[in-house]
Amino acid sequence: MALTLDAYRLLGRSGLRVSPLALGTATFGTEWGWGAERAEARKLFDHYVGLGGNLLDTADTYTDGSSERLLGEFAREERERLVLATKYSTLRRPGDPNSGGGHRKALFGSVEGSLRRLATDYIDLLYLHVWDFRTPVEEVLRGLDDLVRQGKVLYVAISNTPAWQVSRMQAIADLRGWSPLVALQLEYSLIERTAERDLIPMARELGLGVVPYSPLGGGVLSGKYGRDDVTATGDGDGTRRSLNLALGTLTERNLAVAGAARDVAAELGRTPAQIALAWTLRNPGVTTTLIGARTPAQLEENLGALEVEFTAAQLARLDAASTIELGRPHDLLASDHIRRVTTGGLRIETRS
């Protein structure tokens, strides 16, 4: 069935209702050399919220703080009905090692700054943005719990962190009665499915809502690149193509996946970007997918993903084109041999 922005879903094991597509606001502001000016950003906000969208995602360092400032300004009149998500742990002041990281000083300093820029008394959803491999998990969890108890943060979440660390943190939070993590933000798309190995199954098991970012694979799945781009010169020239080449996103394999999305799009009378976005939403482990846009036209195209309905054959083709090897122990545990030695070959139904 087609979706709408007001077909709200519960975020993880919380009672928080969020839209199936979240509006990423890293495009609010032009300090990074791209993005939307204030008037254009306001149009993006108004269109998304006007259709019932309620989850808006930012971070303390996006566009040097302009993203939070503009979002706070736009959200002021409808603050109570909106879910504002922001993040901490990236460096806020060059040269100051304590202005970034997962530790308590960075956490409290970042949140106080976000509250000022967002012009609000509380943050609905706070993510640890990037795991730093240095801060003890107890320090992170206790700091987040203190902010929840103070009423400055309502729910806590995590992003860009190994599955083993997230599962350890969730277990510690449960055992100590601290605020549990309710969401996991991660990169996930038709060309980046490695999260299916551990992160997404872990999130479903531990009650974290999965929030994919970069669902268009850096634009590769939008159909904007061809095979000539893989071998073209000009690396390091500051373009998005150069960045995708540097990140290893622009490859023959990924272009083939984009080609499969393009073929399905042609069959359905949709755009490749809508196909890529809609595919993430069909994963039962995904709660809401982050979309980003610099213009109202781009936003309108992205929202069209809610109306996409696949046939089983089309989904099978997309899956076949983009599939990855799960690796050990997953492929071993899924083998017929292991099923025979653990169940005697009997079929045992599992229910979520």
Side-chain angles (χ1 to χ4, degrees), residues 12 24-26 31-32 57-65 67-68 84-118 123-150 152-176 178-188 192 194-195 197-200 202-203 206-214 218 243 246-248 290:
T25 65
E31 284 77 4
W32 288 353
D57 182 274
T58 184
D60 55 351
T61 54
Y62 284 173
T63 52
D64 300 336
S67 175
E68 285 188 330
L84 302 186
T86 192
K87 312 176 190 75
Y88 90 99
S89 75
T90 53
L91 200 70
R92 291 173 288 125
R93 292 182 300 277
D96 178 3
N98 283 321
S99 69
H103 56 90
R104 193 176 182 93
K105 182 175 177 63
L107 169 60
F108 278 71
S110 173
V111 166
E112 291 299 332
S114 291
L115 290 171
R116 287 193 300 270
R117 286 186 293 273
L118 289 167
I123 294 164
D124 295 284
L125 181 64
L126 178 68
Y127 289 93
L128 186 153
H129 201 165
V130 183
W131 187 251
D132 68 8
F133 289 98
R134 293 171 177 81
T135 307
V137 294
E138 293 84 358
E139 181 176 345
V140 174
L141 290 168
R142 180 56 191 271
L144 292 171
D145 185 65
D146 283 346
L147 288 169
V148 172
R149 292 174 188 271
Q150 292 171 15
K152 294 181 178 181
V153 171
L154 302 187
Y155 296 95
V156 296
I158 197 162
S159 175
N160 299 311
T161 300
W164 65 268
Q165 192 66 274
V166 177
S167 60
R168 177 184 175 215
M169 293 173 73
Q170 194 74 320
I172 291 173
D174 285 344
L175 287 171
R176 298 196 177 182
W178 292 340
S179 300
L181 303 168
V182 302
L184 173 66
Q185 195 170 124
L186 47 77
E187 184 175 358
Y188 184 57
E192 179 47 74
T194 54
R197 290 178 176 140
D198 291 295
L199 286 164
I200 292 178
M202 174 209 67
L206 298 181
L208 285 80
V210 172
V211 184
Y213 68 81
S214 197
L243 177 61
L247 294 175
L290 273 170

Visitor: Of the non-hydrogen atoms in A163 and D198, which two are nearest, and what is the gap between them?
Guide: CB-CB, 3.9 Å
Visitor: Rounded to the nearest 0.5 Å, how far does OG1 of T194 lie from CG of L199?
Guide: 7.5 Å
Visitor: Indicate yes or no: does R116 engage E68 in a salt bridge with an N to O separation below 4.0 Å.
Guide: no
Visitor: Shortest non-hydrogen contact from Y88 to H103?
Guide: CE1-O, 4.2 Å
Visitor: Using a 3.5 Å distance criterion without hydrogens, assess whether the side chain of D124 forms a donor-acceptor pair with backbone atoms of A85.
Guide: no
Visitor: Taking the side chain as every heavy atom from C-beta outward, state whether W32 and S67 have any pair of such atoms under 4.5 Å apart.
Guide: no
Visitor: Is it true that atom CZ of R92 has more than 12 heavy atoms of other residues, nucleotides or ligands lying nearer than 6.0 Å?
Guide: yes
Visitor: Any heavy-atom pair between the side chains of L107 and E139 that's under 4.5 Å?
Guide: no
Visitor: Measure the shortest side-chain to side-chain distance between Q185 and D57 over non-hydrogen atoms and say whether it is less than 4.5 angstrom.
Guide: yes
Visitor: Are the side chains of T90 and Y62 in contact, using a 4.5 Å heavy-atom criterion?
Guide: no
Visitor: Please find the pair of heavy atoms, one from P180 and one from A173, that lie closest to each other, and give the distance.
Guide: CA-CB, 4.2 Å
Visitor: I'd like to check T86 versus L126 (side-chain heavy atoms, cut-off strictly below 4.5 Å). Are they in contact?
Guide: yes
Visitor: Roughly how far apart are L154 CG and L147 CG, rounded to 0.5 Å?
Guide: 11.0 Å
Visitor: Looking at CD of E192 and CG of L186, how far apart are the two atoms once the value is rounded to the nearest 0.5 Å?
Guide: 9.5 Å
Visitor: Roughly how far, to the nearest 0.5 Å, is CG of D174 from CG of L206?
Guide: 8.0 Å
Visitor: May I ask you to decide if V130's main-chain N or O and S89's side chain share a donor-acceptor pair within less than 3.5 Å?
Guide: yes
Visitor: To the nearest 0.5 Å, how far apart are OG1 in T25 and CG in L290?
Guide: 9.5 Å
Visitor: Donor-acceptor pair, T161 side chain versus S159 backbone, under 3.5 Å?
Guide: yes
Visitor: I would like to know whether V210 and Y188 meet side chain to side chain contact (heavy atoms under 4.5 Å, CB included); could you show each step before the answer?
Guide: CA-CA 10 Å; V210 172; Y188 184 57; 5.8 Å; no
Visitor: Tell me the closest heavy-atom pair linking G102 and L128, and the distance in Å.
Guide: CA-CD1, 4.3 Å
Visitor: Applying side chain to side chain contact (heavy atoms under 4.5 Å, CB included) to M202 and L184, what does each step give before you reach the verdict?
Guide: CA-CA 10 Å; M202 174 209 67; L184 173 66; 3.8 Å; yes
Visitor: If I compare all heavy atoms of A157 with all of L125, which pair ends up nearest, and what's the gap?
Guide: CB-CD1, 3.9 Å
Visitor: Please check if any side-chain donor atom of Y213 sits under 3.5 Å from a side-chain acceptor atom of N160, or the reverse.
Guide: yes
Visitor: Rounded at 0.5 Å granularity, tell me how far OG in S110 sits from NZ in K87.
Guide: 11.0 Å
Visitor: I would like to know whether R176 and L141 meet side chain to side chain contact (heavy atoms under 4.5 Å, CB included); could you show each step before the answer?
Guide: CA-CA 10 Å; R176 298 196 177 182; L141 290 168; over 6 Å; no
Visitor: Do you know which two heavy atoms are closest between D132 and G101, and how far apart they sit?
Guide: OD2-CA, 3.5 Å
Visitor: Go through it in stages, so that I can follow the logic: the residues are R104 and D146, the test is side chain to side chain contact (heavy atoms under 4.5 Å, CB included), and I'd like the CA-CA distance, side-chain angles, deciding distance and then a yes or no.
Guide: CA-CA 10 Å; R104 193 176 182 93; D146 283 346; 2.6 Å; yes
